[in-house]
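Since the structure comes first, as C-alpha cells, the remarks are kept for the end.
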Amino acid sequence: MHIDHQPNMDGLVLKIENLSIAFGGLKAVDDLSFEIKENEVFGLIGPNGAGKTTAFNCITQFYRPDSGNIYFKDRKGKVQNLLEHGVHEIIELGLVRTFQNVELIRELSIIDNVLIGAHTDFNATIFDQAFRLPRAVKEERRMRQKAYEILETLGIEDRADQLVGGQPYGILKKVEFARSLISDPKLIILDEPAAGLNDTETMELSKRIRRISKELNCAILLVEHDMRLVMDVCDRICAISFGKFLAKGTPKEIKENKDVQVAYLGIEVTENAEE
Amino acid sequence: ACSNEPADNSTAGGESEGTEAPQDALEWAQGITDTQIIVANSAATSGAFAPVGVPFNAGIEAYFKKINGEGGIQGRDIVFTHVDDEFDPVKGKAALSSFVEDEKVFAIVGHFGTPVVAATLEDLKEYGIPAVYFATGIGQLYNDKAEGRERNIFPVQPIYRTEGQIMVARAVGDFGASKIGVIYTNDDAGKDMLWGAETMAEQLDVELVIQQVAAGATDVSSAVTTIKDAEVDFVIGAAIQATIPTIIKELAAQSVNKDVITTYVNVSPVIAEGVVNEINGKFDVYGNGWVSFEGERANALAEFAEYTVGYETNVYAMTGWIAAHFFVEGLKRVDGVITWDTYMDALEESPINNPFGGQIDFGNGLRAGTQEMNLSKINHDNPAGEWVEEKPLQSIDSILN
Amino acid sequence: MSTFLQVVFRSLETGSIYALAALGIIIVFRTSFITNFSQGVVAMFNTFVVTYLFRTMGLPLWLAIFGGIISAILVGFLIDIVIIRHTKKVSPVAKQIITLGMIMIVLGITPLLFGVDPLRLPRLIEDGNLTLLGADISYNGLFNIVFGIAVMVTLFYILQKTKVGLAVRATASNEHTAKLMGVPTKTVTLGAWAVAGVLGVLSGVMAAPMTSVTLNLMDEIQINALIAVVLGGFQTFYGPVLGAYIIGIGRNLLLYYGSSVWGGQILYILILVFLVFRPHGLIGKKIIKKV
Amino acid sequence: MRKNKTLLKIENLVVRYGAVEALKGINMEVNEGEIVAILGANGAGKTSTLRTISGLVESSGGSIVLGDQDITKTEAEKISAMGIGQSPEGRQVFRDFTVEENLKIGAFTIKDKAQIESNFNRVYGYFPVLKERKNQSASTLSGGEQQMLAIARALMGSPKILLLDEPSLGLAPLIVQDIMDIVKEIKQEGTTVIIVEQNAAQTLKIADYAYVLELGQVKMHGEASKLKNDPHLIEAYLGAH
Amino acid sequence: MNTIKKIIKNPYAHFILLGVLLLFVPVLAETGIFKVSYITTLGGAFIFAIAALGLNILLGFSGLISLGTSGFMGLAAYVSAYVTMDMNLPFEVAFLLAVLIPTLIGVLVGLVSLKIEGIYLAIATLAVSEVLRKTFEEFDFFTNGFSGKNAQYPTLLGTFELDRTGMYYLIVVVLVLIMILTYNLVNGRLGRALNAMRGSEAASQAMGVNLLNHRLIAFALATVYASVAGVLYVHFIKYSYPSIWSLKLSLDFLAMIIIGGLRSIYGTLIGALIVFAVPDIFLKQLPYFNQLSYVLNGVLIILVIIFYPHGLVYARYDIKRLFNKLFKKGA
Ligand SMILES: Nc1ncnc2c1ncn2[C@@H]1O[C@H](COP(=O)(O)OP(=O)(O)OP(=O)(O)O)[C@@H](O)[C@H]1O
Ligand SMILES: Nc1ncnc2c1ncn2[C@@H]1O[C@H](COP(=O)(O)OP(=O)(O)OP(=O)(O)O)[C@@H](O)[C@H]1O
Ligand SMILES: CC(C)C[C@H](N)C(=O)O
Ligand SMILES: [Mg+2]
Ligand SMILES: [Mg+2]
C-alpha cells in the first residue's frame, strides 16, 4: 500500500482516519476518526453493538477495514500505517491488547501465560532451545524474572505457578493485563477490563490503570461500560453510536453531553456515577 | 511354555553338519523331547486377516490331532504353538525370535502372510530352522538350487506369479482367447498374478486389457465397463476372496458375459455360492486348482472334513491341513534321531504327495512350490455352491500343447 | 454417451451408499462431537446379523433386514449407554480413539460369532433391468437410489423443520446449554447412535449384494464417507450427502476416463486442493469466533 | 417478614470440582414471587450455586427441593421442564444458530404455539436490537448483544423461576437499567428471580432478599433493604481480594 | 546431600536413568529372565513412541491433528532402504535423506494447515497419507511394491556393524535423545507459543506468534520425528511393506498419545507400550483370552480413556493415593 500523506503525529501515539467496515449491509464502524496522545488514558464508549470491539479488531488487524487509515508511532518513534502489518507484527511495534472475553491458555501456568506476551522479545533460536545453550537459558531466566515482577505489581505473584484453568474471573483479568504489560508497550488496548469485577476490584483496577500509564510511559485505550471506571481514569473520552462518532471530550463534558445521555448513559446511571 | 526335557542342547545354529555321522553321535534337534515334538507359527488370527488365519491354523491343528490320534511320530505327540502377529512384521519377527530362541521349537509350520514372511525370511535362514509351507506366494521363496543356509525353506503353496502365467496359458490353450481382460486387485495377490499374466501374454503374443481395482472394493463398475468396451473374449479375475465376488457380480450386472478364470484361493464352495445366481445362464467361472476332489481324493476330503468341523469347505483350512501334512511326511521319513539336517534330508529324499492331489519335489534343492494346476468350474445348477473339475493337474507346457 | 451414463448410473448407486454412511457419521458428529471411525465396522457387524438371520435362520430377506435394523438400534443404544455416556470428561480427539477401540472390539468379535467365511446376501429385487438412454440400471439399483434419497429427505425434513431437529442441532451446538433449555440431550444422543446404526446397516445391506459379507465390507465405504463429510462440510446435513454423490460419481469417472490405478488418488488430491480454497467444505462456512 | 411460601429450599449443599470444594454446605430459601440476590467476590461460588440448582453440576452433598419435590439428582433437562430457566455465565449462545433459532430453543419446553408467539413479541419488545438481528448468526453479535440474547432466551421459556448469572455483564448503562426494570416487571407477573450480580448497590435496590457468599459459604443473608445499609457488607465481603 | 537431591530432581537425570534401565533388556533376555522377543517388541514400541512424540508436539501442543504420521514414517523407511540397498550409500547419508525428503512434504502440509483446521485437517492429512501409500504400492522400482522392500542392519560410520541387539541399543539412545530434545523444546519459548496457538489463536497472534511459522515448525518437527522412526524401523525390522503405513497405524499413534497423555513425554512412551507392547507381552499370554487379545486391547483403550481422560500419566496420582492409603492403614 502506498501512503500518499504522512500524518502529523506530534504528541500522538495513534491516529485513526475515516475508518469504516461493514458486515453484509451493516456498517459496524462508519467513517470514524480519533486520535490518542502519548501517555494518555483514552476511553471509547458507546451502546452495545456500537462498533467498539470492531474498531479494536481493525486497529489490531484482526479485521481488514474497508477504508480508512490507522497510524501508529512505534517504539522507535517511527510512524507506521498499521494496515501494512500482519496481526502478529503489531505487538512488536509496541501495541498490545486484551480481549473482551478472556483469551488465556488454561493448561499453562499463570507465569507462562504472562511470558507469552514476551514472545517477540526472545532472541534464542530453536536450535539454542533444543540444546539448552547458555544463551537460551539466560534469556529464559531473565524473562521469567521480569514476568514475576509484573505479577508482583498486580499482587498475584503467589499464584505464579498455578494453572490458569479454574482460576476465578478476577484473577484471569489480571493475568491478561500482566501479559500485555510484559512487552513494554507504547499503547495498551483494554476491552472491558472491569466486566465481572466487583466494586472493590473495579476501584483497584482504576488505580492500577493510572499507575501503569505513568510508570510505563504508555497510552491506554479503554472500552468499558462501567461508567465509574471510565469517568475515573480517562483523560479524554470518545463516544460512538452505530459505528459513528458521537462526541469527544473530558469525562465531565461527555457526562453532560445530551446525545451521549440519550444514546448511552440513561439518566439514572449518570446520577449514580456522580454519587 | 514348553517342556525342555532331555537331549535339548542343540542351539539355533543347527550345528550337526555331517549327515553321514553315526546315529548315536547325533543329538536330537531342539524342540523334541521324549514325548513331544514342538512346532509353531505366528499368523494373523485377529483383525481383518482373521478370516484367513483362523481357518488356516485350524487346519494345521486338525491334521496334528489326526496324527497324534494315530500315535504321533516315533511315539511323540506333535505340539503346535501359535502367536497372533496381526499381519504385522514387527510382531511376526518378535514371535519368530521367541519361538526359536526362547521356546526352542523344532520347526516353523505354515509361516503366514507376505509381510511377516518377507520380513523374517533372512532370520529363518540365519537360524537354519526348518520352515515348511508358507502361506503366501511371494517370489523370494523360489529357489531352484537351495544349498547350505538356504536349504531350510520349503515352500508348498502355489506362487501367484506362476498362477498368473497359468491363467493366460489356460485362456489361450483351452479357450482360444486372443484378447484377455485382466481385473486385478492392488494387493500382492493381484499384482503378482498380473505380473505372471503379463509375462505369459508377451510370450504367447496375446493382448491384455488391464484394469486395477482396490482390494476390498465394493464398486468396481468403471473397471468392468472398460473391460466391456474393449470387447475382450476372456476375463482373468486376479483377486482373492473378498474382492472376486464383487468383480464377478459386476461383470454379470453389466452383461459382459465372457468366461472368467480366477485363482485357486477362490475355488471354494463359499465363493461359488456367492456368485452362482448371478452368473447362471450368462457365463462360466473357472478356477485354477492345486487340489483335486475327484476320485480317490474324495477320501482325503472326507478325512479332512471329519477333523475340521466348522471349516469343512474352507480353502484356507484345507491349506493349513496340507501344510501340516507336508511337515509330517518329512518327519515320518526320518527313522532314528531327528535333527534339522536329517529332517531336511528326508524332505528332499523324494517327492511328497499332496493329500488332495499332485506332488512336490524338494530334491536337489528345488524350492518352487506347486507347479501343476487343474481347472474347475462353478456348477450353475447347484445353488449351494459347487466346483466341478474340468481338467486334471497340468503344467504350463502341457496346457499349451 | 451411453457409456458415460452407464458409469454415472452405477455411481449414483454407490453414491447412495456413501451418502447413507456419511449421514451416519455426521449425525453422530453433530450430537456427540465424535468423528466416528467405527461407523463402518458397526454397519458391517449388523450386516452380518442380517446375513445370519437370512441364511442360518432362514427368514425372508425383508424380515432379516428388519431384524438387522433392530440389531442396529440395539447396538447403537449399547454403544451410547455403555461407552459414550461415560465420556463427558473426554476430549473430542480422545473420543475418536474410543471409536478406534470399538473397531478393535467389533473386528475381534464378529468372526467369533459369525464365522470366517465370506457370506452371500442377495439383492432385495433379484432381477430386472431398466434401459435408459442406452445405459442399464437394475431395478435393485434404482430402488437403492430412490430409497436412499427418500431416507435422506425424511431425515432432512425432521432435522430442519421439526422440534426434534431443533433439539438435535442444539445438542450438537452446545450440549450443556441445550440441557438448560430443556432439551433431553441424552435421548438425543442415544437416538443419534441408533439412527447412525440404522443408516449404517442400510448402507451395508445395499453394498453387500455387490460383493460379499466380510470383515472388510465397509472399509472403502468408511473412508469415502469420511472424505464425503469433509468435502461437504460438517456444518450441514445435506453437504455430506452432496459430497458422497460427488465422490461416487467423480471417482468412477476418473477411474474410467483417467486411470484405473490412480483415479482414486487423483480424486483425493483434487479434494485436497479444493479444501485449501474452501477450508470448510462445499457448504460449510467458517464459524467466526469474535474476540 | 418473608411472607410468601417457600418455593426453593437449599440445604447443606456441597459442590466439588475434583479437589476444589466450591460450595461447602450452603443453605438458602427462595420464596415465591421474590427477587433473591446472590452476591460475593470472585470465586465465591455464585455460579456454582446456580449451575447446581439447574442440574448442570452434580452436588456432592445436601439437597435442593423445589416446591415439595426433591430435585437434587434430577437431570438438567427435566429441571428446565419444571420451569426453571437460566441465563448462564458466559452467555453460552448457540453460536452457529441465528438469533431467532436461539430464541426458539429457549421456548423448547413450551407446547402452546400462541404462547411462543407472544413470548417472541415480548422479548423483541424488550430488546429491539435482537429483532433487527434476528437472522444474524449469534457468533457475530457484539458482546452486549449476546448477553441480551442470553437473557431473552431464558425469558422465552416463561420460567417459574428465572436464574440470572451476572445479567448486566458487558451491557451499556442504559441497558443495565432496562434489565433491572425487566426483572422488576416479571416479578410483578409472579416469576421468582434469583440474580447473581457484581454490582451490589444496584442489585440490592431491586432485590427482596440477598445472600452473600464467601469461599463457598453463606456469610450473610437478610432482606435486601436492610443489607443495603449494612456497612459490613461492602467492607467485609464484597471486596475480598 | 543437597547435590544428590538436585540430581534426583533433575529431569535430565530421569531421562538418562530410564535409558540406562532400558539398555538392560537384551541382557535380561540373554539370561532368560525376559523373552528374546521382548527385544523386538520393545524396540518396535520405542520406535513408534518416537513418531508418537512428534505427533504429540503437533496435536498436544499446537492442537493440529494429523492422520498422516504413518505415511511420512513409511516414506522415510523406503527412502532409507532405497539409499542403502539400491544406491549403496552409507547409512548416515540415507538417514539424512530419509529425514529431509518427508520433512519437505510435511512442511507443505503445514502450509495447507494454515487454511484447514480440525477434523478437516485430519481428513486432509489422511488423504495425503493415502496418496503416499498408493505410491508405495505402485512405484515398484523404488519400493518393490507388494513384495516389500528389504533393508539391512546398518553400519555406523562405516565401522560399527550393528546386529539386532546393537540396533536395539541405537533405538534406546535415539529415544532418550529425542525425549530430552522434546523436553527442552516444549518447556521454553516454542512450547509456550505452540500452546498459545492451540489455546487461543487470537491471543497468540496478538502476542506476536506468527501462526504460519509455528504451524510449519510443528509439522516439520512431527515429520522429522516420524522420519527418524521410519529409518529406525526399516533397519531394525529390515523390511517395509506398503500396507503397514495405513490409517490404522496413524490412528494407533493418536491412541498412544491420548492414552499416555497429551503433552506428556513419559505418557507417550507409556501409550506406545500399551498400544503396541502390552497386547504381546501380556494379553496374548493370558490363557483362554489368547483369541480375544484384539478385543481386550480395544476394551483396554476405551477403559483407559474413560477413566483417565487426560492420559495414564495421571494414574500416578491415584497410585500415590492408593499407596498412602495402604501405608497409613498398615501403620
Ligand atoms: N463478523 C460479523 N458479521 C456480522 N456482523 C457483525 C460481525 N462482527 C460484528 N458485527 C456487528 O457489528 C456491530 C458492532 O459490533 P461490536 O462487537 O464492535 O460492538 P461493541 O461496540 O463492541 O459492542 P459491545 O459493547 O456489546 O461489546 C454489532 O451490531 C455486531 O452484531
Ligand atoms: N470447572 C471447574 N473446575 C475447577 N474448579 C472450578 C470449576 N468451576 C469453578 N471452579 C472453582 O470453584 C470456585 C467457585 O466458582 P464459581 O464459578 O461458582 O464462583 P463465582 O462466585 O461465580 O465467581 P465469579 O464471580 O468469578 O463468576 C472457584 O474457586 C473456582 O475456581
Ligand atoms: C492372507 C495370506 C495368507 C494371503 C495373502 N495374500 C498374503 O500372502 O499376504
Ligand atoms: Mg465489544
Ligand atoms: Mg460466576
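Labels below follow one simple rule: chain letters A, B, ... track the order of the sequence lines, proteins then strands, and each chain is numbered from 1.
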- [ ] Using a strict cut-off of less than 4.0 Å between a Lys/Arg side-chain nitrogen and an Asp/Glu carboxylate oxygen, indicate whether E:R198 and A:E107 qualify as a salt bridge.
- [x] yes

Open item on the list: Within the structure provided, determine whether A:V96 and E:M207 are in side-chain contact (heavy-atom separation under 4.5 Å).
Closed with: yes

Task: Any A:Q129 side-chain heavy atom under 4.5 Å of E:R189 side chain - done: yes

Tell me, yes or no, whether the heavy-atom count around [X] atom [atom1], taken from other residues, nucleotides or ligands under 6.0 Å, exceeds 12.
| X | atom1 | result |
| --- | --- | --- |
| E:Y12 | OH | yes |
| E:Y314 | OH | no |
| A:R75 | CZ | yes |

As an exercise, state the distance from [atom1] of [X] to [atom2] of [Y], rounded to the nearest 0.5 Å.
| X | Y | atom1 | atom2 | result |
| --- | --- | --- | --- | --- |
| A:D128 | E:L190 | CG | CG | 12.5 Å |
| E:L185 | A:F127 | CG | CZ | 11.0 Å |
| A:I105 | E:S200 | CD1 | OG | 5.5 Å |
| E:Q205 | A:I91 | CD | CD1 | 12.0 Å |
| E:N195 | A:L108 | CG | CG | 4.0 Å |
| A:F62 | E:E201 | CZ | CD | 9.0 Å |

Taking side chain as everything from C-beta outward and backbone as N, CA, C, O, which of these in [X] sits under 4.5 Å from a heavy atom of chain E? Side chain, backbone, both or neither.
| X | answer |
| --- | --- |
| A:I126 | both |
| A:A118 | neither |
| A:R106 | neither |

- [ ] Can you sort out the partners of E:F91 under ring-ring contact (aromatic ring centres under 6.0 Å, His included), two or more places apart, ordered by chain and number?
- [x] E:H235

Task: Choice from A:T120, A:L104, A:I182, A:N113 maximising heavy atom contacts with chain E below 4.5 Å - done: A:T120

Task: Short side-chain to backbone donor-acceptor contact, A:R132 and E:N184, under 3.5 Å - done: yes

Task: Distance flag, aromatic centroids of E:H214 and A:H88, threshold under 6.0 Å - done: no

Task: For E:G208 against A:H119, the heavy-atom pair lying closest together - done: O-CD2, 3.5 Å

